[in-house]
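Note sheet for the following structure.
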Amino acid sequence: MLTTTRYRISQLAAGTILNTQVKVQGWVRNKRESKNVVFISLNDGSTFHNLQIVGDPDQLGESLMRRINSGASLTVTGLIQASQGKGQKVELAAATIEVDGEANPEIYPLQPKKHSLEYLREIAHLRPRSQTFGAVFRIRHAMIFAVHQFFNNRGFYNIHTPIITGSDAEGAGEMFRVSTLDPINPPLNDEGEIDHSKDFFAKETNLTVSGQLEVEAFAQSMGLVYTFGPTFRAENSNTSRHLAEFWMIEPEMAYYDLKDNMDLAEAFLKDLVNYALLNCQSDLEFLNNRGEQEEQQKPQQQRQELNLLERLKLVSEHQFERIDYTQAFDILRNCKPNKKKKFQFIIEEWGCDLQSEHERYLVEKHFKKPVIIYNYPKKIKAFYMRSNDDDRTVAAMDVLFPGIGEVVGGSQREERLDQLSTRMQEMGISEKDLWWYLDLRKFGSVPHSGFGLGFERLVQFVTGMTNIRDVIPFPRTPGNADF
RNA sequence: UCCUCCUUAGCUCAGUUGGUUAGAGCGGCUGACUGUUAAUCAGUAGGUCCUUGGUUCGAGUCCAAGAGGAGGAGCCA
């Protein structure tokens, strides 16, 4: 039996395949019908572009026509040919149409019109069928692929660090408990506390907040490594850039100092943005136009100076500004908004933490491009960061992007056993629990560095989506774990 | 967790000082139409005004509590 070759719409949209019998399968975006001709916009997710199906209503029959509605799934065969109309290169002259799954137009939640992102969030199982989310998730995939390609090309190994862990990487941050104990009648110890020795792992365990400590063991053996996995934070954060479950990329490099670390972070971010510019053109153009329309709804003051494509090119074509904390502090202390007390937090004393408003000022107003701040005061940073010779700063660095703030946070790690041990005591971190981490400093310790990149924040930047909940398939936030 | 704002038709919203029968656009449905592009034109259906309680002769409108959402802050990635 002769079967027609099945194509994905991405293969046909280019217009190089013509006058060929093809089969396509996908979901109806829209149907436009008149007496003698019907047009169906079909999308199969392979590309932003829809394929225009052209049919003769009489030949297809009234009962079939009734079943073809927005959201229905179709298998269509026919001749692919140059389009008679404008707006698309090719169209498919339908010989046969089969309705695989109907979608009752009276109750199908996605209408052929613009929907708000808030509404689409409520129908997260259907939103990937919309133009915006199709574009976002194709780009998300491209970024995942580009991450692995970048590291593979540079000789890095991908390490899967554990998701269930017994250690708290930074001594801070609320964690999700993992337990199989009876929640109503848990076994108790002599002090009346929950007896975790009876639990599944015979100790208290949580979902990971970072794979860094574990991946350091692999950096100290395989040299160049990275993790790319899910991360969980039980913080009660309700913002457009926090999730309770998100994906993080954490490279860790033996024999890298802080400068090597910054060089890698900058090259990495540029590579990812370039990959998107080269490989996601039609999706980016759509999101760019979408973003510009959104901007026009806003009052002049709140509008962004650059559109999405300009912001991406800004990152890919310009060197990131690099300043140390002390320089950043001086700029901020002497800047107009600080002197006129426009900041909510006035910059006065060296050593204070930089707030969002300060970071935004440096990135968006002062330098107008990505900024890396390094050598932060010791007392505002984590225990594992390497002490500098001045004894008041550590070799930490943050990469700040316009619009989303901190996209990368990293440091050179403290490789000297004595210094690390002292820091842990000062900060009340248990040396007993992290015996193995200290072991890495006892046996063949080497200088090493690494950083963490919040993957969703990167996707936010590349797609221009302003809410992080719109760049992950099914967002988990406080009070929300639907789907 | 804190501050501000919002919740009215399937969706996006309007609704005057508290006053009779709560509106529009889009979407749906019906019909018309010479190839359309979120087609166009005509007609039509569609409401627990977020919930509970209160004030009042009378509440979509005022008050209180709660729920849900958005923006900002903190925590961070």
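So that the names make sense, note that chain A is the first sequence line, chain B the second, and so on, each numbered from 1. These figures come from a predicted structure and were not determined experimentally.
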- Item | Whole-Å P distance, B:rG19 and B:rC75 | 48 Å
- Message: Rounding to an integer number of angstrom, what distance separates B:rG43 and B:rC26 when you compare their P atoms?
- Response: 12 Å
- For the side chain of A:H115 and the base of B:rC11, is some donor closer than 3.5 Å to an acceptor across the two? no
- Query: A:F455 CZ to B:rC76 P: how many Å, rounded?
  - Reply: 23 Å
- Message: Let me spell it out: for each of A:Q111 and A:R457, pick the nucleotide of RNA chain B with the closest heavy atom. Which residue's pick is nearer the 5' end?
- Response: A:Q111
- If the P atom of B:rU8 is compared with that of B:rU52, how far apart are they to the nearest Å? 16 Å
- Query: Looking at OG1 of A:T20 and CG of A:L92, how far apart are the two atoms once the value is rounded to the nearest 0.5 Å?
  - Reply: 11.0 Å
- Query: In terms of the nearest nucleotide of RNA chain B, which residue is placed more toward the 5' end: A:F246 or A:V37?
  - Reply: A:V37
Can you check nucleotides 28-33 of chain B for protein contacts, nitrogen or oxygen pairs under 3.5 Å, and list what you find?
unit_1: B:rU30; atom_1: OP1; unit_2: A:R66; atom_2: NH1; d: 3.0

- Note on the structure: Atom CD of A:E174 and atom C1' of B:rG74 are separated, to the nearest Å, by 14 Å
- Checking A:K270 against A:F320: charged group under 6.0 Å from the ring centre and within 45 degrees of the axis? yes
- Item | P spacing across the pair B:rC29 / B:rG71, given as an integer number of angstrom | 33 Å
- Salt-bridge contact A:K378-A:E414 (side-chain N to carboxylate O under 4.0 Å): no
- Task: Write down the distance separating the P atoms in B:rU4 and B:rC63, rounded off to the nearest Å.
- Result: 15 Å
- Note on the structure: Side-chain atoms of A:S83 come closest, of B:rC76, B:rG35, B:rG27, to B:rG35
- Task: Please map the stems of RNA chain B, keeping only stretches of three or more Watson-Crick or G-U wobble pairs with both distances under 3.5 angstrom.
- Result: B:1-7 with B:67-73, B:10-13 with B:23-26, B:28-32 with B:40-44, B:50-54 with B:62-66
- Query: Quick one: ring pair (Phe, Tyr, Trp, His ring centres under 6.0 Å) pairs with a partner in residues 54-82 of chain A, sequence neighbours left out?
  - Reply: none
- Query: Can you find a side-chain donor-acceptor pair between A:Q212 and A:E216 that sits under 3.5 Å?
  - Reply: yes
- Query: Rounded to whole angstrom units, what separation is found between the CG atom of A:L120 and the P atom of B:rC11?
  - Reply: 12 Å
- Any residue meeting salt bridge (Lys or Arg N to Asp or Glu O under 4.0 Å) with A:R138, in chain and number order, not counting sequence neighbours: A:D283
- Message: Using a heavy-atom cut-off of 4.0 Å across all strands, would you classify A:Q88 as base, sugar-phosphate, or nothing?
- Response: base
- Query: Do A:H358 and A:C352 come within less than 4.5 Å of each other through their side chains, counting heavy atoms only?
  - Reply: no
- Quick one: A:Q293 CD to B:rA38 P, roughly how many Å, whole number? 12 Å
- Nucleotide B:rU12, atom C1' - distance to CG of A:L117 in whole Å: 13 Å
- Please work out if A:F39 contacts a base, only the sugar-phosphate, or nothing of the nucleic acid, heavy-atom cut-off 4.0 Å. base
- Between atom OG1 of A:T16 and atom CD1 of A:I80, what is the distance when rounded to the nearest 0.5 Å? 10.0 Å
- Salt-bridge present (A:E321, A:K369; N to O < 4.0 Å): yes
- Are A:R413 and A:S411 linked by a side-chain donor-acceptor pair shorter than 3.5 Å? yes
- Message: I'd like the C1' distance from B:rG15 over to B:rA24, given in whole Å.
- Response: 10 Å
- Task: Using a 4.0 Å heavy-atom cut-off across all strands, classify A:Q131 as base, sugar-phosphate, or nothing.
- Result: nothing
- Task: Could you check whether A:L243 gets within reach of a base, just the sugar-phosphate, or nothing at all, counting any heavy atom under 4.0 Å?
- Result: base
- Task: List the protein contact pattern of nucleotides 65-73 of chain B with one symbol per nucleotide (5' to 3'): B for base contact, S for sugar-phosphate-only contact, - for none; contact means a heavy-atom distance under 4.0 Å.
- Result: -----SSBB
- Geometric class of the A:W247/A:F228 ring pair [parallel <30°, tilted 30-60°, perpendicular >60°]: perpendicular
- Query: What's the spacing between A:F246 CZ and A:I468 CD1 if we round to 0.5 Å?
  - Reply: 8.0 Å
- Touch class at under 4.0 angstrom, heavy-atom based, for A:V407 against every strand present: sugar-phosphate
- Query: P atom, B:rA70 versus B:rU12: distance in rounded Å?
  - Reply: 12 Å
- Rounded to the nearest angstrom, tell me the gap between atom CG in A:N50 and atom P in B:rA38. 10 Å
- Query: Under the ring pair (Phe, Tyr, Trp, His ring centres under 6.0 Å) rule, what pairs show up with a residue in residues 48-90 of chain A, not counting sequence neighbours?
  - Reply: A:F48-A:F286
- Task: For nucleotides B:rU7 and B:rU48, find the distance between their C1' atoms and express it as a whole number of Å.
- Result: 14 Å
- Message: Output the rounded distance in Å from CD (A:E294) to C1' (B:rU12).
- Response: 13 Å
- Nearest-angstrom distance from the residue atom CG of A:L400 to P of B:rC76: 14 Å
- Message: At 4.0 Å (heavy atoms only), tell me whether A:Q84 reaches a base, stays on the sugar-phosphate, or touches nothing.
- Response: base
- Query: Between A:R386 and A:D257, is the closest basic N to carboxylate O distance under 4.0 Å?
  - Reply: no
